[in-house]
Every structure is written in C-alpha cells, then in structure tokens.
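Residue numbers begin at 1 in each chain, while the letters A, B, ... track the order of the sequences. Note that these values count all heavy atoms, side chains included, but never hydrogens, waters or copies made by symmetry. Worth saying up front: this structure is predicted, and the values here are computed from it rather than measured.
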Amino acid sequence: MERRLVSDAEAVHAHIIKTGAREDLYVMTFLVNVYAQCGAMIAARKVFDGLPRRNVVTWTTLITGYVHNSEPELAIRVYLEMLETGSYPTNYTLGIALNACSSLRSLELGKQIHAYIVKYRIEQDASIGNALCSLYSKFGNLDYAVKTFRGITEKNVISWTAIISACSENGKAASGLSFFSEMLWENVEPNEFTLTCVLSLCCTVMSLSLGKQVHSLSIKRGYQLNLPVRNSAMYLYLKCGLVDEAYKLFNEIESSSLVTWNAIIAGHVQIMDFASDNLSAYQGGTRALEIFLRMIHSGLKPDLFTFSSVLTLCSKLVAQEQGEQIHAQTIKTGCLSDVVVGSALVNMYSKCGSIRRASKAFVEMSTRTLISWTTMITNFAIHGKTQQALQLFEDMRLVGVKPNQITFVGVLAACGHSLMVDEALNYFEMMQKEYRIKPVMDHFELLVDMFVMSGRIDEAFDLIKKMHYEPNEFIWSALITGARLHRNPELGLYAAERLIKLEPRDSETCIPLLKMYRAVERWIDMSNVEKLMRELQPVKLRDWSWICIKGKVYSFEPNEQFCPGNNMEMHMLLEDLLGRAKTLGYEFSGSSELKDNEDANISSRIHQSEEFAIAFGLLNTPKAAPIQIIKNTSMCQNCHDFIKCLSILTARKIVIQDRKRLHKFVDGKCSCGDFWGLL
DNA sequence: CTAGGGTTAG
C-alpha cells in the first residue's frame, strides 16, 4: 500500500493557509483526512482542534483516521465526544464506530451502538449492515452476521464480500463458497477483495479446480497484478502441490510484499506433513529456509507470521541450530511476546528434542491460549513425561481454559506412555461428559493401543464395537497383535479378515492375516491370501532418514551405496561403532518384527537409513552437538537397541523423530521408555 | 470532505 507522505500533507496545509482557504470547512475536513491518511494523527487532531466549526463529516473523518491508524480507543472517545456536542451520527459514522468496536474487541460497546441503530431502524442500510455483519462475525456469531446480511435491502459487492469473509473467519468455508455462487447468480461482479477471499476459501477446502477457475476469473477481471489476489493464488497452488506454478507467481511478483514472502514460506511448511514418501517436500523445506534468509538479506523485517512459520519449519526439519538463531531474532524484534510465536517456539524446542527448553519457553510466555497449553501438554506426552503432562492439564483447567479434542489426544497419549489405562478411561469420560466433546479416531486408537498393551483384549474389542467410526488399519492391526500376544486366535482371525477388507488395500495389509492363518495351520486360506497378495500392488513405504545441518537437508536410504559425504568414512565409522556396541552387550538377533519380514536379511547386518544419517551427523557436526534426525517410517527394535548404545559410545544426545514418535537417546536410555506400541 | 470488504501463523 502506498502511503501519502507527511511532507505532502504539510505542503497541502501550507497551500491552504496561503490561499486563505482555512475558513472553508470542506477544505479543512479534507486536510484532516490528508494528515490521517499519512498516519500523522497528532497533526490531524491539531487541525481538527483549531477549527471554529465542525460538521458530522469532520467528526467522522477524525474517527476514521483513528480507526485506520489502529487507535480504536481514541476513535471511540471522539465518537462519544461528538455525541456530547449534540451532533447526530450518519450511517457512515455508525459504520466506522462499529468498526472501532471490532478492533477494540468490545462487543458491549458494539451492542450499544447497535441498539441505537435498531431504534432508528437503519439496520437495512448497506453501510451499517456491512459493518454489523463483520462485527458479529469477529465475535464468532456467524448466524447473526448472516441474518444481518439477509436484511440488507440493497446489497452491494462489499456486503457480499463481508458475508463471504465472515464464513471464512468462522471456519465455514463451504458456506462461504455457496454465498459466492449465489452472488454470481445475482449478477453481482466480484472485485479484487471478493476474489482474494474466495481464493483463500478454495485453499481451505483444497479445491484446486475451483481455485484455478477463480484465479482465471481474477485475471479476466484485470486483477492479475493485484498483490493480495496473487498472494492467495500462489499460496493455493503451493498447498495443492503445484510448486512450479506457485514459484512462477512468486518470481513474477515485482513489488512483493512481506505477505508474499510469508505465504511462500508458510506454504512450504504446510506441505511438509508426513504423507508417504515426501522427500521433495522436505527439500522444499530447506528451500523455504533459504527464502527466509534471502528475505532478511533483502532488508525486509520479518513479522509474527514469518516467525511462527519459520519456527514450525525448524521443528519439522528438526533443525535446532537454525531454531535457536530464530529464537534470538524473535527476542530482538519483540515478536516473542506474541502467543502464536511463543507456542511455535515451545513446539520447536520440543520437536528438536529439548523438552527442558520447551518448558522454559512455555513458562516464560506472558499469555497462553488453548493452543499454547495443548502444545505443551502434547509435547510432554511425546517425551514420555506423563506426570508433567497431566499436571499441566490440571493447571490449564484451573486457570479456566477449556480443553478441546486435541488437548485430550495429548492427555490420552500421556496416559498411554505409562500404560495408565484406567486414568485414560477417566479422562475419556471427562471429555465427553464434562466438556461434551465427541471422541475422534485418534482417541480410540490410543485407548485400543493401551488396552492391547496391557492385555485387556476384550475391552479393546468392546470399545471398537461401541465406537461410531469404521475401524481403521491401525485399530485392526493393534487387535491382531494383541490377539497373537495373548493367544486369542478367533479374535485375531476376525480382525485380520476385517483388516484386508479395508480400502485401499496393499499387499502389506495382508501380512497379519497370513500370519494368523499360519498360526492356526489353515493352509488353504493361507495360499488364497498369498494369491491375493500377488495381485495387489505392493505399496511399500520407502525408508528414508534426513538430517538437517546448517539449514541443509541430507537424506539417506538403507544399505546405501552412495550417500552424501564420504562413503568409506561412514561405513568404517558404523562398523567400528557396531563392534564397540557388541562389547556393551548389543546383539543383533533380529527383532520379532524383522523375523516375520520376508525381505529382512538376518545373516548380515543391514544398516538402516537412520544409521547413515547418524554417522553423517557424527562426522559433520561439532563434538558435543546433539544429532537430530527425521525418519519417515517407524524404527525397528533392533536399531533402537543399537542407537541406545551409540548414545553411550559417542556421548551425544540423539533425537529421532520417526513416523510415530519422538525418540530421545541419552546415556543409553530412550525417552520413549522402550514403549513404542504396536504395528 | 466521511464507510463498508482482502492475502500469510501456533
């Protein structure tokens, strides 16, 4: 946004004085507006105060100035002052006053003004209706916003945009889109504001096809150079996986704003979630880190959005070194006081394996939201700190913060770590009775896991029967493992048969059933399953590990011939460590899981991908630095044993974030407590 | 002479 310069305003001011136009109220009102528009509110106020007469427009101009320069409390004070002098507000005045209430987050004041509006029956007016619509939307009352919108007699583009963005604000993307189609149906032309908002809705519902249509509509309407439109289109393409398309927009944007940079970084972070084989998404992550550095280099000042994205990026890359540098920058810029940034920082330290620093960052936060509490609880659970997690949950309730579904996932996970099944059941009941929260799949998975691990198979099965979801792969696999461990072949067979009925199927899914048939010696069934397995596509997850050093990602595969770095050196280091581990009592026997796996070569020791990553880390980081690794599949028990030894032999902290949980190896022990559940 | 709507985050 181009801003007027104060010097220009002063020139205008001087001209007005010279020409003697200062007697003219219209001219002087214009001057107040000029000062306001360049952010010089003190000067604007000075001009206003020096006026012999004022009309409503003059008052409204000053109020507007304060609202636009983020001083809503002053805006309201002037509004009340105006009423005291006996001036009647116009629809414009009321609209901007309502706006001040939104930014002040004062619903009470808004309601007072609303009462006045109701008294004069001017709710149907577009300027007022639009403002009311966004006010109530900001306070989470979408129903009322819709009602107000419907009542507006002459809806304009802004009314439509207001209701669409209200839906977006309140998490009703689909309703927002249906308002958009209604708008088109009514032949109201969307403008750049509308299109921007709609593009971001397409992004929320992840509808690339719709998004493309809206984007081309924007171009057709001549908004291809509009920055917000381009930013949201770029973000949409990035999130939907059209990375090249997104970069095309990114590179074409000449006067890219801070938002542009933030959006491309955030987009990369968003697509980095564990899916299957997303090495390229991880490489995209390093690219995002580079973009961040480039942005700083170009002299742009990062803001809250930048920091929260880039801290999350570090947590996903397990890049503590970078994270610490960014931590320092958040302090320097004063951004750390923001809740979102603070929560992201807590998460970053925890995911990098430092629960102590995470907890310190949490304690130092000046304000905490539900998300901050949930982040800390969940991370205590991830680190196997059951008591701290549960204590924090009680603290949170004590200060009156209401937990949500995700909080309870953290709480149940904390119980799971210590196999506290009955406590977990109590929390499960509390969630439903006290907080009226519907359990989701994650809750059931955790409970089933706990039941199975503590040998309470029947209860696991009862729970599965009671839940109102179709059991997934995890649930059936857990039950099968439990049934095998506790010798309940009927239940195991039942679960295995249900497992292979799930769609989509792959040959991996059939293995539990195969094992069940083998155990009960049903050879014919076994050969049928084998036949089925041959027909199905083997969708085996490739095993990858990554290590991030100085903002660069290095990836490794198992038994790799050629990896980044010096091959020979890494192999020798691993052989040496393997030999020394044996003196510590490490023995490669092959875990039970590995024995079942046809591919596993038991006679010779296969180096898993994480072992290469560790070796690379040992060779390329300072002596005492922690080794931080990401792995896309779950670790096997054998590796887990070996890495425990490595943490002694190398005297390093080794952190591995695998598909399922965080392992922090220190002095021969792992934070997971050797409890890594099933599958 | 004054308004009402937009993009990026844990």
Side-chain angles (χ1 to χ4, degrees), chain A residues 1 24-34 36 54-65 67-68 89-99 102 125-135 137 152 155-166 168-169 190-201 203 223 226-236 238-239 257-267 269-270 302-313 315 335 338-348 365 368-372 374-376:
Chain A
M1 238 6 228
D24 189 326
L25 182 55
Y26 281 19
V27 171
M28 291 316 273
T29 303
F30 173 74
L31 184 62
V32 171
N33 193 32
V34 172
R54 294 121 193 206
N55 62 14
V56 212
V57 179
T58 325
W59 284 103
T60 308
T61 305
L62 186 68
I63 297 168
T64 305
V67 172
H68 287 172
T90 64
N91 294 351
Y92 289 171
T93 324
L94 292 165
I96 193 72
L98 287 171
N99 217 11
S102 321
D125 176 82
S127 346
I128 288 177
N130 298 346
L132 277 174
C133 186
S134 39
L135 175 80
S137 157
I152 299 171
K155 301 180 188 66
N156 54 25
V157 211
I158 296 163
S159 320
W160 287 98
T161 310
I163 195 62
I164 292 169
S165 95
S168 158
E169 262 177 350
N191 62 15
E192 71 270 40
F193 291 90
T194 329
L195 293 165
T196 305
C197 193
V198 172
L199 280 170
S200 102
L201 287 180
C203 189
Y223 299 119
N226 179 270
L227 207 47
V229 166
R230 301 183 63 137
N231 288 341
S232 47
M234 180 189 79
Y235 189 63
L236 171 86
L238 191 51
K239 262 187 93 169
S257 65
L258 181 57
V259 178
T260 314
W261 292 86
N262 287 348
I264 198 135
I265 296 169
V269 179
Q270 295 286 318
D303 70 350
L304 309 175
F305 287 89
T306 327
F307 282 127
S308 33
S309 292
V310 92
L311 283 169
T312 309
L313 179 60
S315 71
C335 287
D338 179 74
V339 243
V340 180
V341 174
S343 311
L345 184 72
V346 169
N347 194 42
M348 185 278 291
M365 287 175 78
R368 291 169 198 92
T369 60
L370 168 62
I371 297 176
S372 330
T374 302
T375 302
M376 195 65 239

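One N or O donor and one acceptor, one from the side chain of A/Asn226 and one from the base of B/dG6, sit under 3.5 Å apart. Contact annotation: side chain of A/Ser309 to base of B/dG10, donor-acceptor pair absent below 3.5 Å.
By the side chain to side chain donor-acceptor pair (under 3.5 Å) test, A/Ser372 pairs with A/Ser343, A/Thr369, sequence neighbours left out. Scanning for side chain to side chain contact (heavy atoms under 4.5 Å, CB included) contacts around A/Ala162 gives A/Cys133, with sequence neighbours left out.
Distance A/Asn262 CG to B/dG10 P: 11 Å, rounded to the nearest Å. Straight-line distance from the CG atom of A/Asn99 to the C1' atom of B/dT2: 13 Å, rounded to whole Å. Residue A/Tyr235 contributes atom OH, which lies 17 Å from atom P of B/dG6 at whole-angstrom precision. Rounded to an integer number of Å, the gap from NZ of A/Lys239 to C1' of B/dT7 is 13 Å. Straight-line distance from the CG atom of A/Leu313 to the P atom of B/dA9: 13 Å, rounded to whole Å. At whole-Å resolution of the value, CG in A/Asp303 and P in B/dT7 are 14 Å apart. Whole-Å rounding puts the A/Asn33 CG to B/dA3 C1' distance at 11 Å. Distance A/Met376 CE to B/dG10 P: 18 Å, rounded to the nearest Å.
Residue-level contact check: A/Thr369 touches the bases, meaning some heavy atom is under 4.0 Å from a base atom. Within the nucleic acid shown, A/Ile371 comes within 4.0 Å of at least one base atom, counting heavy atoms only. A/Gln270 comes within 4.0 angstrom of sugar-phosphate atoms only, judged by non-hydrogen atoms across all strands, and of no base. Residue contacts for A/Asp338: at a heavy-atom cut-off of 4.0 Å it reaches a base atom on one of the strands shown. If you check every strand for non-hydrogen atoms under 4.0 Å, A/Val56 touches nothing. Residue contacts for A/Ser127: at a heavy-atom cut-off of 4.0 Å it reaches a base atom on one of the strands shown. Here A/Ser372 lies in heavy-atom contact (under 4.0 Å) with a base.
For the residue pair A/Ser257 and A/Thr260, a side-chain donor N or O sits within less than 3.5 Å of a side-chain acceptor on the partner.
When distances are taken from the side chain of A/Ser165 to each of B/dC1, B/dG4, B/dG6, the shortest belongs to B/dG6. Side-chain proximity of A/Thr60 to the nucleotides B/dT2, B/dG4, B/dG10 is greatest for B/dT2. Closest contact between the side chain of A/Tyr92 and the listed nucleotides B/dT7, B/dT2, B/dA9 involves B/dT2. The side chain of A/Asn156 sits closest to B/dG4 out of B/dA3, B/dG6, B/dG4. When the nucleotides B/dG6, B/dA3, B/dT2 are ranked by their closest atom to the side chain of A/Ile96, B/dA3 comes out on top. Of the listed nucleotides (B/dA3, B/dC1, B/dT7), B/dT7 has the atom at the smallest distance from the side chain of A/Pro228.
Contact annotation: A/Thr93 side-chain N/O to B/dT2 OP1/OP2 distance is not under 4.0 Å.
Under a 3.5 Å cut-off, the side chain of A/Thr90 and the backbone N or O of A/Thr93 do form a donor-acceptor pair.
Contact of the A/Leu195 side chain with the A/Val198 side chain is not registered, since no non-hydrogen atoms from C-beta on lie closer than 4.5 Å.
For the side chain to side chain contact (heavy atoms under 4.5 Å, CB included) test with A/Thr29, the passing option among A/Leu62, A/Val34, A/Asp24, A/Thr58 is A/Thr58; the others fail.
Using a 5.5 Å limit on the distance between ring centres and a 30° limit on the angle between planes, the aromatic ring of A/Phe305 counts as stacked on the six-membered base ring of B/dT8.
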